[in-house]
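Computed from heavy atoms alone, side chains included, the values below leave out hydrogens, waters and symmetry copies. The structure displayed is predicted, hence computed values, not measured ones. Letters A, B, ... are given to chains in the order of the sequence lines, protein chains preceding strands, and every chain is numbered from 1.
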Amino acid sequence: MLRTHTCGELRAEHVDQTVTVCGWVDSRRDHGGLVFIDLRDRYGKVQIVFDPSQGDDLHNLAGSVRNEYVLKVTGKVVRRAEKDVNPKIPTGEIDVRSNHLEVLNASRVVPFEPGTLNPPNEELRLKYRFLDLRRPRLQELMVFRHRLTKLVRDYFDRHGFLEIETPMLGRSTPEGARDYLVPSRVHPGCFYALPQSPQIYKQILMIAGYDRYMQIARCFRDEDLRADRQPEFTQVDIEMAFVDREDILQTVDGLVAFLMQEIRGVQHPLPLPRLTYAESMERFGSDKPDLRYGMELKDIGDIAANCGFGVFKNALASGGRVRGLNAVGAAAKYSRKQIDELTVFVGDFKAKGLAFFRVTETGLDSPIAKFFGPEEQQAIIQRFDAKAGDLIFIVADQPKVTSAALGALRSRLGKELALFDPNEMHFAWILDFPLFSYNEEEKKWDAEHHPFCNPVPDDVGYFETDPGKIRATSYDLVVNGYEGASGSVRIHDPVVQQKVFDLLGIPAEEAEKRFSFLLEALRYGAPPHAGIALGLDRWVMMFTGCDNIRDVIAFPKTQKAADLLSGAPSNVDAKQLKELSIKIDEPKA
RNA sequence: GGCUCCGUAGCUCAGUCGGUUUAGAGCGCUGGCCUGUCACGCCAGAGGUCGCGGGUUCAAGUCCCGUCGGAGUCGCCA
């Protein structure tokens with residue numbers, strides 16, 4: 001080792017010791033006589049003092065270093081005078097009085113200082129990610145990510161799970177997300193697909209007798225990015241055999257309690273709350289509601305049915321619903337202009353309008369209040385448990401639209417009105433999802449979760465009559481409004497599996513071609529099995545209060561899926577393409 | 001693919017209604033001074049393709065169109 005101690009570990013107890021530390025120059029204060037250098041490593045910062053009495057050579061060298069130079073410094077740890085103690089940093093009671101300095105490497109003038117109080121724009125941070133990653137905040141996040149990952153591994157190890165790696169180069173399967181493809185040199189015209197998840201492999205591991213599997217698995221999906229979505233991301237992938245839904249829920253409940261204990265030092269109450277998909281959509285308009293606050297959706301169809309407002313009546317007459325929510329105390333916080341913005345916002349979710357009522361001491365105040373008699377107004381106030389100063393929003397539309405629009409509005413208002421404690425972690429299970437959803441555009445049924453999800457046994461009769469009614473044995477763990485985990489009991493009966501493929505419109509021969517290895521495996525003694533996958537990046541986000549997934553990934557990609565540090569993706573040599581039998585057909589500009 | 005926001009010095013930003021001449025400030029940078037600072041201080045200085053292209057205008061950082069890049073979001077994400 002070039003050093004005897006890290007910068008961040010030095011304390012008063014080291015006084016009088018001669019130490020050697022290495023690190024980056026965080027800042028330099030040259031007094032002409034005394035030179036102070038704050039030396040930084042990932043453990044912290046320590047102040048080095050260069051005194052002219054140590055000779056001109058050392059002093060001149062110390063004066064010549066610049067920010068982000070890499071130094072090796074030897075010196076004696078000395079206690080600072082009382083008045084010179086810096087209580088803002090853990091090493092503030094001591095200095096290292098240097099008698100030897102080696103510049104291990106110089107640095108160009110950096111485009112931004114890792115020690116800066118407000119970091120620059122993200123484009124620059126990503127281009128110079130090595131500087132960004134020197135920032136204490138990012139180092140903190142990387143350390144936390146390591147720790148969370150380690151705790152997860154520890155938990156599953158203690159419960160007898162085996163970590164088994166599955167291939168990155170796999171077979172492209174239909175449905176699901178767009179695959180990232182990797183051309184095969186040996187098989188011209190053929191491609192591997194990077195895994196969207198290790199789904200089929202882990203099921204085959206169950207069939208192979210590895211009844212408790214886990215993997216910290218990298219997954220790839222070629223879809224557009226979001227604040228919480230990257231094209232490559234990490235799942236904690238889990239599968240168990242000889243279990244039912246309850247076993248998976250309890251296993252993950254236990255993980256949550258373990259993590260909350262280890263990370264937050266709190267005893268999280270178990271079991272985690274459970275609600276059905278139908279209930280969640282009804283009360284919150286979303287299958288991943290943020291349950292740190294209430295503001296539940298209410299139906300006022302019965303009240304609206306008799307009102308004089310045509311928009312509401314027409315919506316009801318055409319099979320729609322009239323639902324809304326109450327933003328408590330928000331009447332004065334939203335101007336007419338801001339409400340207009342919210343109207344545009346719900347328009348993104350196909351809502352044709354957004355009605356509102358300001359609640360006053362005497363009733364409702366709104367451009368449409370005149371369509372509601374005193375009794376109707378009181379009924380609305382009562383339905384929303386409203387009082388003066390509240391602001392009620394109503395959407396009248398097709399049922400799905402009211403859920404989507406109000407669910408999104410609830411989420412936005414929750415943030416804008418700061419209805420939750422950002423440090424709180426709220427976990428809840430969403431159960432009984434529909435197995436299929438009807439795709440209006442393509443006039444076909446789609447799997448809501450994935451095609452290997454077992455139907456609730458009681459519902460299999462609906463395959464022929466009403467597939468939309470079939471419930472799935474799937475479950476999502478919702479954390480603070482994010483989908484934190486998702487899984488299901490799998491199909492282990494090849495006959496049921498075939499039924500699902502049939503309904504999804506995957507012809508038998510097609511299914512046989514694409515999934516033959518799974519279908520074949522199912523025929524050789526498949527145990528009942530179930531599993532789940534946790535979005536590790538999102539869990540790191542939630543535990544650290546980040547609002548963006550890029551901050552918890554060392555080398556993330558931009559919204560256009562580019563890596564600004566390396567310049568990926570890039571063109572490749574004609575020779576490489578030729579070896580792969582690939583010709584580029586660029587789209588016309 | 002759609003919608004919205006952003007792009008001015010290395011960085012963070014200001015720049016009014018389109019018109020004050022040479023587009024400013026702080027930080028950083030360069031040089032000088034400074035022996036207890038810790039966002040050190042003081043003095044002096046350098047540093048600009050106003051993302052790029054086109055248009056409107058007597059006049060464009062400012063208005064319009066396009067484009068590139070970044071961000072958010074809808075679609076998409078079994």
Side-chain angles (χ1 to χ4, degrees), chain A residues 26-39 45-53 59 63 66-68 78 80-89 91-92 95 97 108-113 115-128 131 173-179 196-197 199-200 219-231 233 341 344-350 404-405 408 411-412 433 435-437 439 441 445-453 472 474 483 486 488 500-501 504 506 514-515 533 535 547-548 550 557-560 562 564 589:
Chain A
D26 195 65
S27 72
R28 170 183 60 96
R29 294 173 294 282
D30 185 345
H31 287 223
L34 285 175
V35 176
F36 299 97
I37 288 176
D38 290 344
L39 203 62
K45 284 197 292 190
V46 68
Q47 175 165 277
I48 316 293
V49 183
F50 294 91
D51 192 290
S53 66
H59 196 251
R66 293 294 180 267
N67 284 348
E68 300 309 313
V78 298
R80 295 192 194 183
E82 198 66 39
K83 68 176 175 55
D84 293 331
V85 166
N86 182 354
K88 284 185 278 188
I89 57 173
T91 62
D95 288 325
R97 286 210 160 242
R108 286 188 172 185
V109 173
V110 287
F112 64 92
E113 305 274 342
T116 189
L117 293 172
N118 60 326
N121 74 71
E122 212 173 338
E123 196 175 344
L124 199 75
R125 288 175 48 202
L126 291 176
K127 184 174 174 191
Y128 295 96
L131 295 179
T173 50
E175 306 254 325
R178 203 173 288 114
D179 283 324
Q196 296 177 28
S197 82
Q199 182 63 35
I200 294 176
C219 303
F220 304 85
R221 294 177 189 177
D222 186 5
E223 298 293 348
D224 287 349
L225 287 77
R226 289 286 185 281
D228 65 343
R229 250 161 53 186
Q230 281 273 304
F233 60 100
E341 282 171 19
V344 172
F345 173 73
V346 297
D348 284 349
F349 302 88
K350 304 277 188 300
S411 172
R412 174 167 171 166
F433 281 76
L435 187 61
F436 303 107
S437 61
N439 183 331
E441 271 176 30
W445 290 96
D446 286 340
E448 185 74 23
H449 182 50
H450 59 52
F452 316 111
C453 174
S474 65
E483 182 193 301
S486 181
S488 63
V500 170
F501 284 148
L504 293 176
I506 304 174
R514 302 279 197 167
F515 299 113
D547 55 7
N548 137 18
R550 294 178 298 279
K557 292 181 174 57
T558 66
Q559 197 167 60
K560 291 213 166 91
L564 299 182

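- Rounded to whole Å, the C1' atom of B:A14 lies 14 Å from the corresponding atom of B:U62.
- By the salt bridge (charged side-chain N to carboxylate O under 4.0 Å, His left out) test, A:D84 is found to be paired with no residue, residues two or more places apart in sequence or in another chain being considered.
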Could you go over nucleotides 43-45 of chain B and give all protein N or O partners under 3.5 Å, atom names and distances?
none

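- With a cut-off of 3.5 Å on both pairing distances, B:A59 has no Watson-Crick or G-U wobble partner at all.
- In this structure, the CZ atom of A:R29 is 16 Å from the P atom of B:C42, given to the nearest Å.
- Side-chain atoms of A:P120 lie closest to B:U12 of the nucleotides B:C76, B:U12, B:U73.
- The side chain to side chain donor-acceptor pair (under 3.5 Å) search around A:D51 returns A:S53, A:R97, not counting sequence neighbours.
- Side chain A:E123 to base B:G7: no donor-acceptor pair is found below 3.5 Å.
- B:G7 and B:U16 have their P atoms separated by 13 Å, with the value rounded to a whole Å.
- Across all strands shown, the partner of B:G24 is B:C13, judged by Watson-Crick or G-U wobble contacts whose two distances both fall under 3.5 Å.
- For B:G41, the paired base is B:C33 (Watson-Crick or G-U wobble, both distances below 3.5 Å).
- Across all strands shown, B:G66 forms a Watson-Crick or G-U wobble pair with B:C52, both key distances being under 3.5 Å.
- With sequence neighbours excluded, the residues satisfying side chain to side chain donor-acceptor pair (under 3.5 Å) with A:D38 are A:S27, A:R29.
- Rounded to whole Å, the C1' atom of B:G32 lies 23 Å from the corresponding atom of B:A9.
- Base contact: A:S197 has a heavy atom under 4.0 Å from a base atom.
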Please tabulate the protein-to-nucleotide N/O contacts below 3.5 Å involving nucleotides 33-35 of chain B, giving atom names and distances.
unit_1 : atom_1 : unit_2 : atom_2 : d
B:C34  : N1     : A:H31  : O      : 3.3
B:C34  : N3     : A:D30  : O      : 3.0
B:C34  : N3     : A:H31  : O      : 3.4
B:C34  : N3     : A:G32  : N      : 3.4
B:C34  : N4     : A:D30  : O      : 3.2
B:C34  : N4     : A:G32  : N      : 3.3
B:U35  : OP2    : A:H31  : O      : 3.4
B:U35  : OP2    : A:G33  : N      : 3.2
B:U35  : O4'    : A:L34  : N      : 3.3

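- Nucleic acid contact for A:Q47: base, since at least one base atom lies under 4.0 Å from a heavy atom of the residue.
- The aromatic rings of A:H31 and A:F36 stand perpendicular to each other, their planes meeting at an angle above 60°, with 30° marking the opposite boundary.
- For the pair A:N548 and A:E122, the minimum side-chain heavy-atom distance is below 4.5 Å.
- Separating the C1' atom of B:G66 from that of B:G72 is a span of 23 Å, rounded to the nearest Å.
- One can find a donor-acceptor pair under 3.5 Å joining the base of B:C38 and the side-chain atoms of A:N86.
- Residues satisfying the ring pair (Phe, Tyr, Trp, His ring centres under 6.0 Å) criterion with A:F50, sequence neighbours excluded, are absent altogether.
- Heavy atoms of A:D95 sit under 4.0 angstrom from at least one base atom.
- Side-chain atoms of A:L124 lie closest to B:C11 of the nucleotides B:C11, B:C38, B:G75.
- Within the nucleic acid shown, A:Q196 has no heavy atom closer than 4.0 Å to any nucleic acid atom.
- Residue-level contact check: A:F345 touches neither bases nor backbone, having no heavy atom under 4.0 Å from any strand.
- At a threshold of 4.0 angstrom between heavy atoms, the contacts of A:D348 are confined to the sugar-phosphate backbone, with no base atom among them.
- For the C1' atoms, the distance from B:U12 to B:G48 is 16 Å, rounded to whole Å.
- Closest of all the heavy-atom pairs between A:C219 and A:S197 is SG-CA, 3.8 Å.
- Applying the ring pair (Phe, Tyr, Trp, His ring centres under 6.0 Å) rule to A:F112 yields no partners; only residues at least two apart in sequence or on another chain are considered.
- Only the C1' atoms considered, B:G47 is 9 Å distant from B:C29, to the nearest whole Å.
- Taking atom C1' on both nucleotides, B:U56 is separated from B:C13 by 30 Å, rounded to a whole Å.
- Applying the 3.5 Å distance criterion, the base of B:G70 shares no donor-acceptor pair with the side chain of A:R550.
- Looking at A:N121, its side chain has no donor and acceptor atom pair within 3.5 Å of the base of B:G7.
- If you check B:G70, B:U37, B:A71 against the side chain of A:K560, the one that comes closest is B:G70.
- In this structure A:S437 satisfies the side chain to side chain donor-acceptor pair (under 3.5 Å) test together with A:E448, sequence neighbours excluded.
- The ring pair (Phe, Tyr, Trp, His ring centres under 6.0 Å) search around A:H450 returns A:F452, not counting sequence neighbours.
- Between A:V109 and A:R66, the closest side-chain pair of non-hydrogen atoms is not below 4.5 Å.
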Problem set entry | Letter per nucleotide, 5' to 3', of nucleotides 24-30 of chain B [B base touched, S only sugar-phosphate touched, - untouched; heavy atoms, 4.0 Å] | ----SSS
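- Aromatic stacking of A:F112 on B:C11: not satisfied for centres closer than 5.5 Å together with planes under 30 degrees.
- Note on A:E122: only backbone sugar-phosphate atoms sit closer than 4.0 angstrom, heavy atoms only; bases stay farther off.
- A search for salt bridge (charged side-chain N to carboxylate O under 4.0 Å, His left out) contacts involving A:R178 returns A:E223, not counting sequence neighbours.
- Partners of A:R80 according to the side chain to side chain donor-acceptor pair (under 3.5 Å) rule, which considers only residues two or more places apart in sequence or in another chain, are A:D95.
- For the P atoms, the distance from B:U4 to B:G61 is 25 Å, rounded to whole Å.
- Between A:H59 and A:V35, some side-chain heavy-atom pair lies under the 4.5 Å cut-off.
- Under the Watson-Crick and G-U wobble criteria, each requiring two contacts below 3.5 Å, nucleotide B:G47 is left unpaired.
- A donor and an acceptor atom never sit less than 3.5 Å apart when one is taken from the side chain of A:R221 and the other from the base of B:C76.
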